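One structure is given below, encoded as structure tokens.
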Amino acid sequence: MTARIHEFLRTRDDDGPCLVVDRDVVRDNYLQFARSLPDTRVFYAVKANPAPELLALLAELGSCFDTASVQEMKLVLEAGATADRISFGNTIKKERDIARALELGVRLFAVDCEAEVEKIARAAELTGAQDIRVFCRILCDGAGAEWPLSRKFGCAPEMAVEVLEHAWRHGLDAYGVSFHVGSQQGNTQAWDQALAASAAIFRECAERGIRLSMVNLGGGFPTRYLKQIPAVEAYGQSIFEALSRHFGNRIPETIIEPGRGMVGNAGVIEAEVVLVSRKSRAEDEIRWVYLDIGKFGGLAETMDEAIRYAIRTPHDGEASTPCVLAGPTCDSADVMYERIPYDLPVSLSIGDKVLIEGTGAYTSTYAAVAFNGFPPLKSYVI
Ligand SMILES: *Cc1c(COP(=O)(O)O)cnc(C)c1O
């Protein structure tokens, strides 16, 4: 946690859980990505945290933006970036949203099947938009990732060749290939296999007279939670080596789409202990600790106990025992850590404030709007 966040929380006087994001950390992260992958353009994955202050900061630093919806595009445009710095990276789009994106000036689109290509081609005809670039997302198994994104997005590499040819035949620019190695990817080598597949697609398309230009390396860059993670430089180095291995001296244009790695470590959630209790009177029975935030209030990534946050309490360093950690709603799914209980100090009490670290990504907009009458997570960018 940064000194600025500490000071903000010390003087905060409103009630309820809140997320505080330090924009200096986001600036450092952006510069680190730019340094570690020097020939790669950065498209920040807006869905990780769409706070207007963060989008404005990244726009000013020169970042581009990967968006999932027209609403995200509008946020990016309002933050001061131009449409030529925006991609529509969602492979699942309504045709009328594609048309709206084209009207806003966006020209870079993800696809993973022929039907999606045809939607773009029709929207292009409707709007008269020209020079539309499409890239085809390929499947990636997500091994090594703590929050895998496999199956739902992408197609088999052999099919990508057909999809790109389909785009080319429809007058679109068959621009390249994309993949996502899974979010919170701990293995710096995870890009190798997908880059081998990408190079094969480039070769096959070239044989059909279609010259691809770009590989979109996706996100996956991790945030430090409880376990140590490799540095961004190690990812940059490994990716550069894999590009050289598979593309030789014809390295394509590349982009990355960091979400978690850009904002995760910039945010801290302050929450309150609402109740500490036991389910029986037995001496060694596990304690249940209920916070005023849970799965529906912003900590959705505790689903299946996938992401394990670092939690600080005012009693750190004192004797601790395993606890089940749960949220405040009347829904029995609102339990965060039970399969692997979480060690917390014995003296942790009702009313104590706890800090949940590394929560700058996938929290503020991952909260229910008014489930059980709890307001959505408050968010401050300082
Ligand atoms: C969510 C998403 C990202 C960001 O992934 P992180 O693992 O958070 O970096 C990047 N690209 C696409 C297409 C995404 O859907």
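One-based numbering, in listed order, for ligands and for the atoms of each. Every heavy atom of this structure was used, including side-chain atoms; hydrogens, water molecules and symmetry mates were not. Quantities reported herein were computed from a predicted structural model and do not represent experimental measurements.
The two residues P230 and G186 have their closest heavy-atom pair at CG-O, 3.7 Å.
A donor-acceptor pair under 3.5 Å is formed between the side chain of T11 and the backbone N or O of F8.
Under a cutoff of 6.0 Å and an axis angle of 45°, K93 and F109 do not form a cation-pi pair.
Shown are K295, R308, R260; of these, the salt bridge (Lys or Arg N to Asp or Glu O under 4.0 Å) with E301 is made only by R260.
Residues of the protein with a heavy atom under 4.0 Å from ligand 1 are A45, K47, D66, R137, H180, S183, G219, G220, E257, P258, G259, R260, Y362, listed by chain and number.
Rounding to the nearest 0.5 Å gives a distance of 12.5 Å between CD of E146 and CD of E305.
Residue pairs meeting the ring pair (Phe, Tyr, Trp, His ring centres under 6.0 Å) criterion with at least one partner in residues 294-324, sequence neighbours excluded, are Y225-Y309, F296-F371.
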